[in-house]
Amino acid sequence: MSKIVLQIDGRDVEAEQGMTVLEAARSAGISIPTVCHNEKLEPYGACRLCVVEVQGRGRTNLVASCLYPAEQALAVTTKSEKIDKTRKILIEQLLAHAPDAEILQNLAQEYGADKDRFEKEASFCILCGLCVRYCSEVKQNNAVGFFDRGATREIRFVPELAAKVCWDCKECFALCPTSYAQAAYHLTEALAFPSASSQLSSAK
Amino acid sequence: MDNGKIDKIIDKYPSDSSSLIQVLLEIQSENRWLPKEALAKVSERLKVPLNRIRHITTFYKAFSVVPKGRHEIHVCTGTACHVRGAKRVLGAVQDATGLKPGLTGEDFRFSLETVNCVGCCALGPVMVIDGEHHGKLAPAKSKDVLKNYE
Ligand code: SF4
Ligand code: FES
């Protein structure tokens, strides 16, 4: 693979062709906050917290660094007033859905975000897609997926599949920033195949 | 809908993911809704994971994953029809069928939906049943119209 050099925060950073800006920055020890990113999974671009500024064609653009490909001589800024402000609003929006999520609370502190800025809409899921992607890409179980669209889009477990595979896996629970994956699973279990846990409790 | 029928539909198309929407649409129009056994079959034959099929079938409003009646009633509640009394027409239809929008009767005679504009505002209030338009409705008249659908 060929090497390229780009500038991140004024520093020359060496990267491999095909890396994203986020990967290049992290390999050079420059930190960029992320919520929906996971090294094991394909980048998804849901949370937008990884926004950075790139200079190109005479103007500065805000882009999601987890998706943006690193290019030769690309000039990237990871900290600026505009970036901080954008991240602050994004965190505030996510907090409206999941006010108690630890990762969001920590980010809120860092960026001075106000968890009460937007009216609460307690969906708990922030649609980061970590559970869905992990289940499909790593486990290849495809037991959890997105349903519906737009404002009513949500994750749900597919009962037929969840009944077979989830009890012995549950690995997405730990990935979920808000515990909603776990809640959704238990709801599905209680509604569609209550035997799994009741067998367990009657065995006690 | 039996398995043989579903297989026959799937056989008409290349058996890969590119046929998914076509296959689903055809099952939908044959059967009026997509039972989960059919989705499992499609998933197996076209090698598309079930969670993707579920996403697609809930994404497009053309698909229904709950049973539908023999006749689909769409009462327009768009602005023009609303102004011309769609609310009362809807009320009369709800009364006559015992259904709320989004529901299907136990006898599978009717499914009721509301829509936002069917493109013939001059005929408002409008109700569409199985693709047939009924315009200039009044509550009593809309009840009469329903009698033509068994
Ligand atoms: S349930 Fe959790 S992991 Fe899954 S999309 Fe929602 S927030 Fe992300
Ligand atoms: S980490 Fe880039 S959008 Fe979430």
Side-chain angles (χ1 to χ4, degrees), chain A residues 36 41-42 44-46 123 125-173 175-176 180-185 187-189 191-193, chain B residues 1-3 6-7 10 15-21 23-25 27-28 31 33-68 74 77-78 100-104 111-117:
Chain A
C36 72
L41 306 176
E42 288 293 311
Y44 188 57
S123 64
C125 177
I126 53 170
L127 301 175
C128 68
L130 282 170
C131 55
V132 175
R133 286 178 290 147
Y134 186 79
C135 194
S136 299
E137 292 172 26
V138 177
K139 305 297 290 190
Q140 292 177 4
N141 280 334
N142 303 299
V144 54
F146 287 107
F147 279 65
D148 222 312
R149 63 179 179 199
T152 50
R153 189 161 68 108
E154 59 180 18
I155 67 108
R156 262 186 245 160
F157 283 80
V158 180
E160 304 93 290
L161 298 177
K164 285 192 212 127
V165 294
C166 293
W167 189 257
D168 297 318
C169 171
K170 297 183 178 168
E171 284 163 32
C172 62
F173 295 1
L175 288 177
C176 176
Y180 184 76
Q182 183 166 3
Y185 168 74
L187 187 65
T188 311
E189 185 201 291
L191 290 172
F193 48 97
Chain B
M1 190 164 205
D2 59 56
N3 264 336
I6 298 170
D7 274 320
I10 300 175
S15 34
D16 59 48
S17 58
S18 67
S19 315
L20 182 64
I21 301 264
V23 167
L24 291 175
L25 279 172
I27 300 176
Q28 168 78 39
N31 193 54
W33 71 289
L34 303 169
K36 69 172 190 242
E37 295 75 22
L39 297 184
K41 181 103 208 163
V42 172
S43 162
E44 184 196 312
R45 294 268 326 259
L46 299 185
K47 311 232 166 359
V48 182
L50 207 48
N51 63 346
R52 277 202 56 211
I53 297 188
R54 290 286 187 164
H55 190 196
I56 289 164
T57 52
T58 52
F59 187 97
Y60 294 108
K61 298 296 171 227
F63 297 122
S64 171
V65 288
V66 293
K68 285 283 172 190
H74 294 260
T77 53
K100 277 192 184 155
L103 294 184
T104 297
S111 294
L112 178 60
E113 298 282 350
T114 57
V115 286
N116 298 314
C117 196

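Each chain gets a letter, A, B and so on, in the order the sequences are listed, and its residues count up from 1.
- Neither the backbone nor the side chain of Thr152(A) comes within contact range of chain B, judged by heavy atoms closer than 4.5 Å.
- Proximity to chain B (any heavy atom under 4.5 Å) is shown, for Gln140(A), by neither the backbone nor the side chain.
- Neither side chain, Asp148(A) nor Thr58(B), offers a donor N or O lying under 3.5 Å from an acceptor on the other.
- Counting heavy-atom neighbours within 6.0 Å of Arg45(B) CZ, excluding the residue itself, gives a total above 12.
- Per-residue heavy-atom pair counts under 4.5 Å with chain B were compared for Val158(A), Leu161(A), Asn141(A), and the maximum is reached by Val158(A).
- Environment of NZ in Lys68(B): crowded, with over 12 heavy atoms of neighbouring residues, nucleotides or ligands closer than 6.0 Å.
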Q) Going through the checks in order, is the side-chain contact (heavy atoms from CB on, under 4.5 Å) test met by Thr77(B) and Val115(B)? A) CA-CA 6 Å; Thr77(B) 53; Val115(B) 286; over 6 Å; no
